[in-house]
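Step one of this worksheet: look at the structure below.
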Amino acid sequence: MSDQPIKSLGLSPELHAYLVEHGTPPDEILAELARVTRERIGGLSIMQIPPEEGALLTFLARLIGARRAIELGTFTGYSALCIARGLPPDGLLICCDVSREWTDIGRPFWRRAGVEDRIDLRLAPALETLASLPADRSFDLAFIDAVKTEYWSYLERLHGLLRPGGLVVVDNVLWSGAVVDAAQQGADTQAIRAFNERVARDERFDRVMLGVGDGLTLLRVR
Ligand SMILES: C[S@@+](CC[C@H](N)C(=O)[O-])C[C@H]1O[C@@H](n2cnc3c(N)ncnc32)[C@H](O)[C@@H]1O
């Protein structure tokens, strides 16, 4: 059975382990990165995406033939490793985070997996890094997993960076179920609700919301 915390909403531990094992399960490097993150970070390690979401990110990157990708919110590098593995050897993944301490944990794992050369880590607020990139529609894939109250600003900027047919993957869109619980009125919950409402009416994208992990929205640029 998986020793990850259960994060795909509503799944029993047994079903979660079953679906992880019957997809592409995490290899030794990803499993060790998850274990090291738990040991060194403790409770906050829950921020790491679960293994089935990692497998999906690699799958999607390969499916769309992604060469250039950007990630907002890298933490200890699990999702970055999954995305980078889905890129060709000369591909590029720009990773945006503000924590050297956390991203330093991921680097040796990127090296071991042979994808370090594809990863360009920018230690700055994601909105600053996004603003520094030319809106030349040269990116194929984006993964949003940083500051929840900034999701809409990220998406607005990403739209100009992604090619038609490019894909935006947005994490935590169900926020542990809080989006449908009227008693939950925290800033992050309200921001995610507002983001979901706007996305649901946004005709710039084809839209799918999945119950993977903590809720995942896929947006394909029209
Ligand atoms: C949920 S975690 C990302 C988890 C990661 N995708 C993974 O799979 O392990 C959110 C990350 O956003 C980072 N962060 C916080 N404020 C930020 C900002 N303004 N710009 C970019 N990253 C930020 C945090 O340091 C943290 O590592």
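Values below: all heavy atoms of this structure, side chains included; hydrogens, waters and symmetry mates excluded. All values reported here derive from a predicted model rather than from experimental measurement. In listed order, ligands and their atoms are each counted from 1.
For ligand 1 and Met47, the ligand atoms under 4.0 Å from any heavy atom of the residue are 1 (C), 2 (S), 4 (C). Ligand-side atoms of ligand 1 in range of Thr74: 5 (C), 7 (C), 9 (O), range being under 4.0 angstrom from any heavy atom. Every atom of ligand 1 with a heavy atom of Ala126 under 4.0 Å away is listed here by number and element: 18 (C), 20 (N), 21 (C).
Exactly one of Leu72, Leu60, Leu57 qualifies for a side-chain contact (heavy atoms from CB on, under 4.5 Å) with Phe143. That residue is Leu57. For the side-chain contact (heavy atoms from CB on, under 4.5 Å) criterion with Ile70, the lone passing option out of Ile94, Val168, Leu92 is Ile94.
The shortest N or O to N or O distance between Asp145 and ligand 1 is under 3.5 Å. Below 3.5 Å of separation, one finds no N or O of Ala146 facing any N or O of ligand 1. Ligand 1 has a nitrogen or oxygen under 3.5 angstrom from a nitrogen or oxygen of Phe75.
Within the 4.5 Å cutoff, side-chain heavy atoms of Tyr78 are placed close to those of Pro26.
Of all protein heavy atoms, the one closest to atom 7 (C) of ligand 1 is Ser79 OG, 3.5 Å. Annotation: atom 14 (N) of ligand 1 to nearest protein heavy atom, Val98 CG2, 3.8 Å.
Of the candidates Ile46, Asp97, Leu44, Asp97 brings a heavy atom nearest to atom 24 (C) of ligand 1.
Counting heavy atoms closer than 4.0 Å to ligand 1, residue Val147 contributes side-chain atoms (C-beta onward) but none from N, CA, C or O.
Judged by the shortest distance from any of its heavy atoms, Leu72 lies outside the 4.0 Å radius around the atoms of ligand 1.
Within the 3.5 Å criterion, the main-chain N or O of Arg137 finds no donor-acceptor partner in the side chain of Arg163. Checking side-chain atoms of Arg118 against main-chain N and O of Leu93 turns up no donor-acceptor pair under 3.5 Å.
Within a 6.0 Å sphere centred on CZ of Arg40, other residues, nucleotides and ligands contribute 12 heavy atoms or fewer.
Side-chain contact check for Asp136 and Ser138: at least one donor-acceptor pair (N or O, by modelled atom type) lies under 3.5 Å.
When the side chains of ILVMFWY residues are joined at heavy-atom separations under 4.5 Å, either directly or via intervening members, Met47 and Ile192 end up in two distinct hydrophobic clusters.
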